[in-house]
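Notes follow once the structure below has been shown.
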Amino acid sequence: MKKSRLTAAGYSNAKGALDIVREIGEITATLWWRFFDWLAQVEWRKLVIIWLLVMIFGMTPFGHPEQTGAFIVLSLGLKVLAGGKRRAELEARDATTHADEEGLERRLVEARMAALQAQVEPHFLFNTLALIGQLIETDPPQAARIHQNLIDYLRATLPQMRARGAGTLGRQIEMSRAYLAIMQARMRARLAVSIDVPDEMQSATFPVMMLQILIENAIKHGLEPKIAGGRIDIRASVDNQVLQVDVLDDGIGFNVHAGDGLGLANVRERLRILYGNRAQLVIEAPLTGGTRASIRLPYAPDIFAGGAP
Amino acid sequence: MNRPTALIADDEEGMREQLRTRLRDAWPALDIVAEAANGIEAVALAGQHQPDIVFLDIRMPGLSGIEAARLLFRRCHLVFVTAYDQYAIEAFEQGALDYLMKPVGGERLKTTCARLQQLVGRQPTDIERQLQALLAQPGRPPAAPAAPDYLRWIQAVVGANLRMISTREVLYFQADEKYTRVQTGQSEVLIRKPLKELADELDPDEFWRIHRSTLVRVDAIEGITRDLRGRQMLKVRNHPLLLEVSRGHAGRFQQM
């Protein structure tokens, strides 16, 4: 009876000891891997400095020269033999996490952009419809033209209706022409428009709705609030393989306290996602007054466009 | 008896024409004495012609229809005409003021005209409070915003041009002797405005002061580390440089 109790106690002692041993093993393994990862990633320069320090310590009365030597040889061997592979593994794992995050971010932004693009300003829509209603009575051919322009504009604006291959400068200019024709019919003499885009740039890749956002801003914030109205100039040029599209107005100019609205933030964000640092949205206040908004991005003309219908 | 008179104000000629024609059908006795193409003209012409009724578009250059109404409401009966203005319509529906939707016409215009025929010759109602409420509506472009006017664009001379840099693009501002360095993801420019002045004009929720000479964009903060000397160093997104957080401003990052 007594003996068996002793055995039980011994057994539980042994179990406790076993647990401790296991724990020590686990900690050692973790520490070892941590050391190994560190060794794989540490710069050679730092490692050499550490060796020197260890050697100096090893030569003092407290040191153990043999162990110091063993440490140096062991770490050198590990670093040379397994370091490269382990480092590549760690970097790959890091890159994967990063790529996942970026992919997620991109999808998120795309969804948000789609939501933004779907917004046709109700003000614009109702005012245009009111104008068409008026023109049906007074000038039916003009009513038909404005009606057609409105259809072209909506077709290009609503993402679910957007035609394939819309992402060229030519197509974007076409839709903006429809919009500007409507605004000219509404503002009459208060709005003058000029568009200067060389033919060879028509086929260049250009993200959808960006030019349109700049033009709508110029009208809404620059020209509509100006009693006399004004003009809007759209120009494209290529310099050093960079396509630059300018939207220039001579409106009331920039309000430094007005938030940049969803439109411009949206353009900037999309340029960043599509082109990184190779594209830019630049807003300037020319000395002559008004505002100039420019989009600069890599010039990518469609070399097959000439032969296509 | 004198014929009742009216003025039409709308920045779009087509819309003025439409209202004029429709009014002629709905109320032949009404005399349209003048037409204005913006808010300022509307107020001036109303002063000159003293009409009984003024039809006002809401979105107009110069003065918005609502701003013009504040100057006119004691002198004449006002009717707002708008294509789409959800805030204004809500407000009108609760008040005595009348409003018309573009395209104007049909039964609705007849009702308005019948109402106006009763009112002509009487003192216009006091609608000051309603107009105040309309002007205070958030998001109304012609009215002044209720939020304080923080600086949202930085003006910087780049070459021969004055460039406008959105504060959303700025990663941080750093004092540099007489100048302030403006760092964006893509470029770095110097402006003449001192950091202290900028700090007063910027939205304090948008930019935090982390050092006597540094203001950092809150959204752009990626993380914070300690360097070998124990100083807190701030990492900004898409930028290699670490920014020092001074002791005085470290409190903000204690929980991080």
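Model, not experiment: these values are computed from the prediction. Quick note: numbers below take in every heavy atom, side chains included, and nothing from hydrogens, waters or symmetry partners. All chains are named by letter (A, B, ...) in the order of the sequence lines, taking the proteins before the strands, and each is independently numbered beginning at 1.
In this structure, B:N161 CG and A:L287 CG are separated by 7.0 Å, a value rounded to the nearest 0.5 Å. Note that CD1 of A:I227 is 10.0 Å distant from CE of B:M60, once rounded to the nearest 0.5 Å. Atoms CD and CD, from A:E284 and B:Q155 in turn, are 12.0 Å apart once rounded to the nearest 0.5 Å.
The contact between A:R186 and chain B is made by backbone and side chain atoms together, counting heavy-atom distances below 4.5 Å. Looking at B:E17, the atoms closer than 4.5 Å to chain A (heavy atoms on both sides) sit in the backbone and in the side chain alike. With a threshold of 4.5 angstrom between heavy atoms, A:A279 approaches chain B through N, CA, C or O but not through any side-chain atom. The part of A:P225 that comes within reach of chain B is its backbone (N, CA, C, O), which places non-hydrogen atoms under 4.5 angstrom from that chain. The contact between B:I40 and chain A is made entirely by side chain atoms (from C-beta outward), counting heavy-atom distances below 4.5 Å.
Closest approach of B:Q186 to A:N277, counting heavy atoms only: CG-OD1, 3.3 Å. Taking every heavy atom of both residues into account, A:R268 and B:S166 meet most closely at NH2-CB, 3.3 Å.
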Practice item. Carefully, step by step, assess A:N255 and B:W153 under the rule side-chain contact (heavy atoms from CB on, under 4.5 Å). Key: CA-CA 8 Å; A:N255 174 3; B:W153 293 89; over 6 Å; no
Exercise for review: May I have the step-by-step check of side-chain contact (heavy atoms from CB on, under 4.5 Å) for A:H123 and B:R59, ending in yes or no?
Suggested key: CA-CA 10 Å; A:H123 241 283; B:R59 278 206 185 179; 3.3 Å; yes
Review point. How far apart are the C-alpha atoms of A:R190 and B:D11, what are their side-chain angles, what is the distance that settles it, and do they pass the side-chain contact (heavy atoms from CB on, under 4.5 Å) test?
Key: CA-CA 10 Å; A:R190 287 180 61 230; B:D11 58 333; 3.8 Å; yes
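The candidate from A:K226, A:Q280, A:H221, A:R292 with the greatest count of non-hydrogen atom pairs under 4.5 Å with chain B is A:Q280. Ranked by non-hydrogen atom pairs under 4.5 Å with chain A, the options B:E13, B:M101, B:E41 are led by B:E13.
By the neighbour-count criterion of 12 heavy atoms within 6.0 Å, atom CZ of B:R108 is densely surrounded, having more than that number from other residues, nucleotides or ligands.
The salt bridge (charged side-chain N to carboxylate O under 4.0 Å, His left out) search around B:K102 returns B:D10, B:D57, not counting sequence neighbours. Contacts of A:R231 classified as salt bridge (charged side-chain N to carboxylate O under 4.0 Å, His left out), with partners at least two apart in sequence or in another chain: A:D233. Legend: residues meeting side-chain hydrogen bond (donor to acceptor under 3.5 Å, both in side chains) with B:T82, ordered by chain and number and at least two apart, are absent.
Among the residues in residues 124-138 of chain A, those with a non-hydrogen atom closer than 4.5 angstrom to a non-hydrogen atom of chain B are A:F126, A:N127, A:A130, A:L131, A:G133, A:Q134, A:E137, A:T138.
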